Amino acid sequence: MLRKLNQEDARVPGAVAREIPNIARAVDAMVDALNSGGRIFYVGAGTSGRLATLDAAECPPTFGTPSHWIQAVIAGGRPALWSAIEGAEDSAKRGARDLAERRVRRGEVVVGITASGSTSYVLGALAKARKAGAVTVGITSNRKSPIARAATILIAPETGSEAIIGSTRLKAGTAQKLVLNMLSTATMVRLGRVYDNYMVGVALTNKKLRARGLRILAEAAGTSVSKAARALRKSGHETPVALLMLLNNESATKARRHLRWVQGNIRAALVPRRR
């Protein structure tokens with residue numbers, strides 16, 4: 001049984017790979033939205049909504065981003081995160097109303113996530129987004145579905161029938177998770193929230209993360225742990241600030257000012273090296 005499940009799961013990365021051109025278009029739109037002061041909204045119901053909430057929630061501690069940059073809207077609200085809210089996904093009006101409450105506007109991005117491509121709640125939200133002038137993105141496992149008409153950009157990894165017919169939490173859910181990982185990660189890399197492949201925006205909120213952040217800082221800056229620790233203390237335990245202090249050989253005040261000028265883009269804040 002487990003081998004069969006694993007064999008079915010192995011089909012997912014290939015299906016997602018075939019959608020990379022469309023994922024790239026969505027990343028471009030997300031970068032443009034955030035660069036212009038806009039926001040990104042993920043909208044989903046059930047498994048899709050929970051995966052959306054997970055990805056949105058992990059961006060601030062991973063990349064040091066403001067919590068309003070990427071927001072999740074789930075059918076049924078917060079209670080739907082831990083229990084099924086029957087019928088919540090069946091109302092297009094509710095989807096439109098929940099998105100309207102976020103005051104979505106032109107130039108922002110709304111990502112609708114639905115394995116079947118026909119969830120009314122998601123379709124209602126996308127319809128509202130289009131009226132507001134937002135860019136709409138659809139993530140589905142059913143290319144020939146209503147969301148294909150509702151989305152400006154369609155991402156449709158065709159994962160095929162599930163090992164348990166009808167259970168979209170399996171391959172379809174895995175594909176959604178991979179796509180969301182790619183969307184948020186690539187967007188944050190493009191915005192300079194990553195240095196090389198180091199997670200330098202990590203929030204130092206507990207002992208484990210403080211140790212990890214120090215190790216990342218030392219490796220990224222190519223310096224000793226003790227020197228990285230001194231910079232981290234002087235920065236007020238802000239890893240991006242400490243990194244710029246080390247790479248630019250500047251004070252915490254100047255590093256913080258540089259980051260503010262470029263909206264947190266670490267790469268853009270680097271001082272060009274003289275040859």
Side-chain angles (χ1 to χ4, degrees), residues 19 22-23 25-26 29-30 33 38-57 67-159 161-162 165-177 179-180 183-184:
E19 292 300 306
N22 295 323
I23 297 171
R25 290 177 60 206
M30 291 167 67
R39 301 161 296 172
I40 297 160
F41 297 94
Y42 294 154
V43 183
T47 297
S48 300
R50 295 182 192 104
L51 289 170
T53 302
L54 175 65
D55 195 77
S67 58
H68 69 270
W69 273 19
I70 300 182
Q71 302 178 33
V73 183
I74 182 171
R78 294 177 67 88
L81 294 175
W82 53 82
S83 62
I85 307 298
E86 300 301 335
E89 67 180 57
D90 295 334
S91 174
K93 288 184 179 179
R94 184 65 195 178
R97 187 161 64 248
D98 285 354
L99 192 62
E101 289 176 356
R102 306 294 180 107
R103 297 183 179 179
V104 65
R105 58 184 184 268
R106 181 175 299 279
E108 296 187 316
V109 177
V110 178
V111 182
I113 310 157
T114 161
S116 67
S118 59
T119 302
S120 297
Y121 181 88
V122 174
L123 296 176
L126 290 185
K128 178 65 179 178
R130 294 192 72 164
K131 287 182 180 178
V135 177
T136 54
V137 178
I139 301 176
T140 182
S141 290
N142 185 2
R143 186 175 299 278
K144 298 178 180 178
S145 62
I147 200 171
R149 298 185 293 275
T152 306
I153 301 170
L154 183 67
I155 300 170
E158 296 179 330
T159 52
S161 299
E162 299 285 8
I165 302 299
S167 180
T168 54
R169 62 181 286 273
L170 299 175
K171 285 190 297 183
T174 300
Q176 291 171 2
K177 179 69 170 95
V179 171
L180 290 169
L183 288 175
S184 58

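No experiment lies behind these values; they were computed from the predicted model shown.
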Provide the closest heavy-atom pair for [X] versus [Y] in the form atom of the first, atom of the second, distance.
{"X": "P79", "Y": "G76", "answer": "CD-O, 3.5 Å"}
{"X": "E108", "Y": "A33", "answer": "CA-CB, 4.2 Å"}
{"X": "S145", "Y": "G117", "answer": "OG-CA, 3.4 Å"}
{"X": "A45", "Y": "V122", "answer": "N-CG2, 4.5 Å"}
{"X": "A134", "Y": "V104", "answer": "CB-CG2, 4.0 Å"}
{"X": "V179", "Y": "P157", "answer": "CG2-CG, 4.5 Å"}

Going from [atom1] on [X] to [atom2] on [Y], what distance comes out if it is rounded to the nearest 0.5 angstrom?
{"X": "I113", "Y": "I147", "atom1": "CD1", "atom2": "CD1", "result": "8.5 Å"}
{"X": "I155", "Y": "Q176", "atom1": "CD1", "atom2": "CD", "result": "11.0 Å"}
{"X": "S184", "Y": "L54", "atom1": "OG", "atom2": "CG", "result": "9.5 Å"}
{"X": "E89", "Y": "S48", "atom1": "CD", "atom2": "OG", "result": "8.5 Å"}
{"X": "L154", "Y": "R25", "atom1": "CG", "atom2": "CZ", "result": "9.0 Å"}
{"X": "N142", "Y": "E158", "atom1": "CG", "atom2": "CD", "result": "8.5 Å"}

Quick check: do [X] and [Y] have side-chain heavy atoms less than 4.5 Å from each other?
{"X": "L126", "Y": "V43", "result": "no"}
{"X": "L170", "Y": "T159", "result": "no"}
{"X": "L183", "Y": "I139", "result": "yes"}

Mind jotting down which residue pairs meet the salt bridge (charged side-chain N to carboxylate O under 4.0 Å, His left out) criterion with at least one end in residues 167-176? Sequence neighbours excluded, please.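 Applying salt bridge (charged side-chain N to carboxylate O under 4.0 Å, His left out) to every pair that reaches into residues 167-176, excluding sequence neighbours, yields E8-K171.
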Hey, could you give me each pair passing salt bridge (charged side-chain N to carboxylate O under 4.0 Å, His left out) that has a residue in residues 127-139? Not counting sequence neighbours.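 As it turns out, there is no salt bridge (charged side-chain N to carboxylate O under 4.0 Å, His left out) pair with a partner in residues 127-139 once direct neighbours are skipped.
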Could you give me the CA-CA distance, side-chain angles and deciding distance for R143 and E19, then say whether salt bridge (Lys or Arg N to Asp or Glu O under 4.0 Å) is met? CA-CA 11 Å; R143 186 175 299 278; E19 292 300 306; 2.6 Å; yes
Provide the full list of side chain to side chain donor-acceptor pair (under 3.5 Å) pairs with a residue in residues 91-100, sequence neighbours left out, each pair given once.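 For residues 91-100, and leaving out neighbouring residues, the side chain to side chain donor-acceptor pair (under 3.5 Å) pairs sorted by first residue read R94-D98, D98-Y121.
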Does R102 offer a backbone N or O that forms a donor-acceptor pair with the side chain of R39 under 3.5 Å?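 It does hold such a pair.
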Whether the T152 and T136 side chains hold a donor-acceptor pair (N or O, under 3.5 Å, no angle test) is what I'd like checked.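 Side-chain D/A pair, T152 to T136: present.
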